[in-house]
Amino acid sequence: MDAALRQSKAMCPFMKKATAAGLRAMTTAARPTLPAIAASPCGGTISKLQVLARRCPVMGKAMAVQSARLGHAGLASGVGSVASLSTLSGHGKSAKAKLHTSRAHEAQAVEGSLFRDKVQLPPRIPVKPQQHVTASPAAAAHVSAHDGHNAKFDYDGFYNAELDKKHKDKSYRYFNNINRLAKEFPRAHMASKEEKVTVWCANDYLGMGRNPRVLKTMHETLEEYGAGAGGTRNISGHNRHAVELEHTVAKLHAKEAALVFSSCYVANDATLATLGSKMPDCVILSDSLNHASMIQGIRHSGARKVIFKHNDVQDLEQKLAALPLHVPKIIAFESVYSMCGSIGPIEEICDLAEKYGAITFLDEVHAVGMYGPHGAGVAEHLDFEAHAAGRPRGTVVDRIDIITGTLGKAYGCVGGYIAGSSKLVDTVRSLAPGFIFTTSLPPAVMAGARAAIEYQMEYNGDRRLQQLHTRAVKEALSERGIPVIPNPSHIIPILVGNAALAKAASDKLLQDHQIYVQSINYPTVPVGQERLRVTPTPGHTKEYRDHLVSAIESIWKELGIKRTSDWAAEGGFIGVGEPAGSAEAQTPLWTDEQLGIADTVRQL
């Protein structure tokens with residue numbers, strides 16, 4: 001606003017005398033009891049700044065034109081007529097006020113003329129009903145049959161057209177009936193209990209969904225406290241289980257406080273929307289591959305969004321340098337990007353945040369439980385020895401302002417959270433609708449999640465075994481020329497590059513080999529980057545791994561799907577068949593020393 005004010009001072013006599021603070025004050029809704037204040041054409045009050053602007057010979061005309069475009073001819077007439085709206089609706093008198101309504105006010109005429117010259121309004125553009133429903137010949141025929149200004153909107157036609165587009169571009173999603181078996185992990189049955197399959201794409205990375213300690217805790221809590229929480233945190237839903245879980249999460253990330261949400265989608269959305277909307281003139285810088293929950297939170301905030309290239313700190317710095325130092329800035333990014341397996345440059349982003357006066361928002365959803373001596377994520381893993389020795393101060397974790405994570409992946413339960421300073425967490429707790437108006441997680445779920453976190457804080461055998469199984473599968477697939485997108489994490493993305501082929505490969509794995517691997521297509525990944533996403537667990541022993549590799553090899557032959565050499569012949573694509581930098585990209589985040597391989601080799 002300050003920049004806009006400076007540019008306007010040379011042109012407008014009113015702006016010469018105005019201050020940024022004064023303009024902000026005038027943008028709040030004006031009291032309709034003042035004689036010079038009219039009701040808005042939309043039926044509510046308008047701000048003092050709008051009233052003054054309507055009197056301006058320049059802005060008044062501009063506002064009239066804009067109002068006409070929006071179909072509000074009432075602005076040009078100078079009458080904010082709540083009464084006329086009532087007449088049109090068939091009620092000459094004010095109706096009795098209902099619960100949650102604002103106080104009713106009579107319409108007031110505006111003193112004087114709003115415009116010194118008569119403003120010529122552009123003609124309204126006629127809108128053809130349902131002109132957007134053109135996705136298929138069938139839908140088009142349906143629209144034309146009912147075309148006309150008097151026809152009601154055809155909702156079913158709209159639904160059919162949207163679904164038809166999904167079917168045509170092969171991005172329509174089919175759900176498989178997969179029932180994971182706690183006592184036969186990683187096995188599951190389909191609709192029939194006799195139809196068994198091996199699950200290779202679950203996000204229960206460590207098998208904690210069937211961990212005996214977690215199940216025992218949940219059973220005991222369920223028996224004592226029942227099924228549900230009973231309400232929101234403000235209304236009977238705040239209990240010992242929430243308090244203990246948040247204390248455990250804060251301890252995990254070495255932060256002052258934590259806040260639990262119904263999911264990490266909600267946690268990301270609510271936190272970014274709240275901070276972005278409340279901080280004045282806030283700018284949110286977002287990695288181009290950020291999860292949909294973060295993108296949605298930024299949209300809901302209404303803040304300015306700046307997208308930087310994926311994991312490109314130079315591009316990020318250029319964009320930060322272009323922003324004023326005093327403007328609040330949030331850098332939103334992830335530690336493990338779940339569809340490609342890449343790792344975010346956390347330490348370098350912290351350096352930039354400190355240099356340019358930004359705060360950091362790190363999504364560790366696919367990393368908590370999986371990395372670090374206590375399973376706190378990639379940020380903890382970067383200072384492995386310091387955290388193993390209990391010295392978190394001054395580490396990368398200590399430099400991150402907001403960490404978000406999930407209880408529904410490596411911890412095998414459900415829910416999400418944020419962790420940070422006491423003041424930050426309390427601000428989100430007090431202002432975020434996504435937290436305030438949502439029923440609390442069930443006591444048994446919160447107790448089970450706390451048990452899972454505490455188990456993984458004490459024992460790192462599961463994540464070490466998972467890393468070893470991941471290495472084995474990646475090596476076996478690469479030896480056969482299966483195009484694994486190189487990355488240093490526990491994710492194994494296998495490039496297909498075609499939506500129809502990706503689904504066909506997934507279907508054949510399930511039908512012919514009893515292996516469940518879901519195909520990934522748009523909008524989760526861009527068109528042309530469709531893939532299979534494999535996630536080994538500690539339960540995927542050699543027998544399962546050999547079966548998977550053999551099945552994928554046969555399907556690649558049968559369907560003629562491109563191999564690594566084919567992508568290389570075309571110059572490479574998203575890391576596949578690209579020799580430059582591939583060695584660094586494939587170096588696992590877990591070192592041989594951290595996995596204990598070096599000690600075993602020395603002993604042998």
Side-chain angles (χ1 to χ4, degrees), residues 170 186 197-203 205 336-343 366 466-521 524-537 539-589:
K170 306 300 181 184
V197 298
T198 304
V199 179
W200 270 99
C201 59
N203 286 336
Y205 296 130
V336 177
Y337 291 84
S338 63
M339 289 301 134
C340 61
S342 61
I343 301 289
H366 290 272
Q466 192 279 337
Q467 287 288 327
L468 293 173
H469 289 177
T470 298
R471 287 192 183 189
V473 175
K474 283 184 177 180
E475 289 171 4
L477 291 173
S478 297
E479 287 172 359
R480 289 161 176 78
I482 304 298
V484 174
I485 300 173
N487 67 76
S489 73
H490 61 284
I491 309 293
I492 306 179
I494 305 173
L495 179 62
V496 178
N498 178 280
L501 275 178
K503 186 179 186 308
S506 174
D507 290 344
K508 281 192 164 294
L509 280 170
L510 189 61
Q511 295 162 8
D512 299 347
H513 302 276
Q514 292 73 54
I515 291 174
Y516 175 51
V517 179
Q518 185 64 42
S519 60
I520 308 297
N521 55 23
T524 307
V525 296
V527 174
Q529 296 186 22
E530 293 82 5
R531 65 200 65 177
L532 302 180
R533 179 179 177 272
V534 173
T535 53
T537 71
H540 286 100
T541 54
K542 189 175 187 303
E543 176 188 359
Y544 292 123
R545 297 198 303 270
D546 290 346
H547 182 210
L548 172 73
V549 173
S550 173
I552 291 177
E553 166 73 13
S554 67
I555 288 172
W556 245 247
K557 284 181 180 177
E558 183 179 350
L559 298 180
I561 302 175
K562 290 182 183 178
R563 294 179 181 263
T564 304
S565 57
D566 299 318
W567 290 107
E570 296 177 3
F573 186 55
I574 58 175
V576 174
E578 297 176 353
S582 60
E584 182 181 351
Q586 293 183 60
T587 303
L589 193 60

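Note that the coordinates shown come from a computational prediction; the quantities given were computed from them, not determined experimentally. Scope of the values below: all heavy atoms of this structure, side chains included, with no hydrogens, waters or symmetry mates.
Between the Q514 side chain and the Q511 main chain, a donor and an acceptor come within less than 3.5 Å of each other. Without hydrogens or angle criteria, R471 side chain to Q467 main chain gives no donor-acceptor distance under 3.5 Å. The main-chain N or O of H540 is found under 3.5 Å from a side-chain atom of H469 such that the two form a donor-acceptor pair. Distance alone, capped at 3.5 Å, is enough to place a donor-acceptor pair between the Q466 side chain and the P536 backbone. Remark: the backbone N or O of G528 is paired with a side-chain donor or acceptor of E530 at under 3.5 angstrom.
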- request: Apply side chain to side chain contact (heavy atoms under 4.5 Å, CB included) to the pair R531 and I494, showing each step before the final yes or no.
  value: CA-CA 5 Å; R531 65 200 65 177; I494 305 173; 5.7 Å; no
task: Would you please test Q529 and F573 for side chain to side chain contact (heavy atoms under 4.5 Å, CB included) and show each step?
output: CA-CA 9 Å; Q529 296 186 22; F573 186 55; 3.7 Å; yes
query: Is there a side chain to side chain contact (heavy atoms under 4.5 Å, CB included) between L589 and S489 once you walk through the steps?
result: CA-CA 6 Å; L589 193 60; S489 73; over 6 Å; no
Verdict with supporting geometry, K170 and N521, side chain to side chain contact (heavy atoms under 4.5 Å, CB included): CA-CA 8 Å; K170 306 300 181 184; N521 55 23; over 6 Å; no
H547 and S550: CA distance, side-chain angles, deciding distance, side-chain hydrogen bond (donor to acceptor under 3.5 Å, both in side chains) verdict: CA-CA 5 Å; H547 182 210; S550 173; over 6 Å; no
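Smallest separation of non-hydrogen atoms from I491 and S338: CG2-O, 3.4 Å. R563 approaches I482 most closely through the heavy-atom pair NH1-CD1, 3.7 Å. Residues I515 and A551 share a closest heavy-atom pair of CD1-CB, 3.9 Å. A pairwise comparison of heavy atoms in S519 and S506 identifies N-OG, 3.7 Å as the closest pair. Counting all heavy atoms, side chain and backbone alike, P483 lies closest to W556 at CD-NE1, 3.5 Å. Closest non-hydrogen pair, G539 versus P186, comes out as O-CD, 3.7 Å.
To the nearest 0.5 Å, atoms OG1 (T198) and NE2 (H513) are separated by 12.5 Å. Taken from NZ in K557 to CD1 in I552, the straight-line distance is 13.5 Å, to the nearest 0.5 Å. For the atom pair I492 CD1 and N487 CG, the distance stands at 8.5 Å (nearest 0.5 Å). Residue L495 holds its CG atom at 12.0 Å from SG of C340, rounded to the nearest 0.5 Å. For the atom pair I485 CD1 and I574 CD1, the distance stands at 4.0 Å (nearest 0.5 Å).
Judged as a side chain to side chain contact (heavy atoms under 4.5 Å, CB included), and not counting sequence neighbours, the contacts of L559 are L501, A504, A505, K508, I555, I561. Applying the salt bridge (charged side-chain N to carboxylate O under 4.0 Å, His left out) test to R533 and every residue at least two apart in sequence or in another chain returns nothing. Not counting sequence neighbours, T535 has no partner by the side-chain hydrogen bond (donor to acceptor under 3.5 Å, both in side chains) test.
Tested against P488 for a side-chain contact (heavy atoms from CB on, under 4.5 Å), the candidates T587, I343, V336 yield a single pass: I343.
Relative ring orientation between Y205 and H490 is described as perpendicular, the plane-to-plane angle rising above 60° on a 0-90° scale split at 30° and 60°.
For E570 and K562, the salt-bridge test passes: some basic side-chain N is under 4.0 Å from an acidic carboxylate O.
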